[in-house]
Amino acid sequence: MEDEKYAEELDVAVKAVHMACSLCRRVQRGLISRTSDEVKSKDDDSPVTVADWGVQATVSWLLSEVFGSQSVSIVAEEDVQALSKSDSAGLLVAVVDAVNECLDEAPNFGLQKPDKHLTTQEVLEAIKRCNSTGGPEGRHWVLDPVDGTLGFVRGNQYAVALALIEDGEIIIGVLGCPNYPMKREWLNYHHHYYQSTSPATNDSWEKGCVMYARRGSGKAWMQPLLRGNVNFESQYEARLVQVSSVDDPALATFCEPVEKANSNQSFAAGLAHSVGLRKQPLRVYSMVKYAAIARGDAEVFMKFARCGYKEKIWDHAAGVVIVQEAGGVVTDAGGKPLDFSRGIYLEVMARKIICSEGMLYCYCSPALLRF
């Protein structure tokens, strides 16, 4: 009976993320193949694209249709302020088109599509519906429509992250990584090379995956992205993933953010050296870092936020539960689990987060307090 709890929520969440990844791949191909004005800047100068708004509207509509708009609380990153400006009319049209094209494919993923295309107002309402601030009580879906938008617009790594939090605890996490290959050996090759030299082989090397987990199951799963006009139920079976068994710091790989804007890379390098980590860091955009830890492609993820930067729950929720169920550990500098019950921001001791396989965590955690 316990296995059946949250079964529908997990099923819908996985399918919604697959659909969101499909939307993102179409938009990213367009951004890479031509000069595009379908990118805006937020107040903090970070980029936002058609995909950010399109995914948020799509996932919001799907969750509301399945679970009821009155009972669905969604915490998400984007608002409609920039999209509603008079000079964004063309961008808004592109968002609406992307949403409707994506929802047309819903039956391929085992979900219902709308009876007719959504209007501009309906798309805006779906985006605005994601206005919850979370908190310690109730059930809240947490969505980052495109985590790592800078990587996205550069044709690099990014993630679609969806989590379900109930009474402050993460229950479900789903992480879509459209440019993160299923097979570890492909990590040594940048996907741009294959897009430019042998596009016909993209499907054969299974570029892109979706990972997911339910709290308390002790299992984390990964499956390839759905490709083409193929029914979701007939696609590849999911496979279990586990964190790495490497327990020697000298052999371990650690992940860190690509951008220096919200992470102190020099601090990370000093700490890594102090605990015996000698290999070059794997610098990856977005929550793909959690995916790398969960399936054993790297052993340690250390995030050291710069002064004034506040961690958001949508940047961590899905990845945290996936790593935990895959056998890993995620805490702040004091060894405390991340607290997702305080609204949209995480209260993180000393602005430090560590995510690792268990034995290496024992090496790294004490060092966090010394630095």
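All values derive from a computational prediction rather than experimental measurement.
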* **Stepwise side chain to side chain contact (heavy atoms under 4.5 Å, CB included) check, M302 with I353** => CA-CA 6 Å; M302 298 182 289; I353 295 173; over 6 Å; no
Tell me the closest heavy-atom pair linking [X] and [Y], and the distance in Å.
X	Y	result
N108	L226	O-CD2, 4.0 Å
W221	V241	N-CG2, 4.2 Å
T253	K279	OG1-NZ, 3.3 Å
S88	A82	OG-O, 2.9 Å
C255	A298	SG-CB, 3.6 Å
S64	R129	OG-NH1, 3.2 Å

* Structure fact -> The single option from L91, V99, L92 that satisfies side chain to side chain contact (heavy atoms under 4.5 Å, CB included) with W53 is L91
* To do: Can you spot which of D11, L10, V12 makes a side chain to side chain contact (heavy atoms under 4.5 Å, CB included) with E8?
  => V12
* In one Ile/Leu/Val/Met/Phe/Trp/Tyr side-chain cluster, 4.5 Å: V284, V246 -> no
Okay, side chain of [X], backbone of [Y]: is any donor-acceptor separation there less than 3.5 Å?
X	Y	result
E78	D52	no
S60	A126	yes
N179	Q157	no
T149	F152	no
H117	P114	no
N100	D97	no
E125	E122	no
K128	D79	no
E166	I171	no

Salt bridge present between [X] and [Y] (N-O < 4.0 angstrom):
X	Y	value
D339	R342	yes
R26	E101	yes
D87	K85	no
R139	E9	yes
K113	E105	no

Is any side-chain heavy atom of [Y] closer than 4.5 Å to one of [X]?
X	Y	result
L62	L103	yes
V323	C355	yes
Y6	R215	no
M287	C177	no
R239	Q223	no

* Does F301 have its ring centroid less than 6.0 Å away from the ring centroid of F254? -> no
* Decide side chain to side chain donor-acceptor pair (under 3.5 Å) for D147 and Y285; before the verdict, give the C-alpha distance in whole Å, the side-chain angles of both, and the deciding distance to 0.1 Å. => CA-CA 8 Å; D147 184 49; Y285 290 96; over 6 Å; no
* Please round to the nearest 0.5 Å and tell me the distance separating atom CD of Q56 and atom CG of L83. => 10.5 Å
* Structure fact -> The reported gap from NZ in K116 to CG in L118 (rounded to nearest 0.5 angstrom) is 10.0 Å
* After noting the C-alpha distance and the side-chain angles of E357 and S244, does the key distance pass the side chain to side chain donor-acceptor pair (under 3.5 Å) rule? -> CA-CA 6 Å; E357 175 273 333; S244 169; over 6 Å; no
* To do: Report the relative orientation of the aromatic rings in F109 and H18; use parallel for angles under 30°, tilted for 30 to 60°, perpendicular for over 60°.
  => tilted
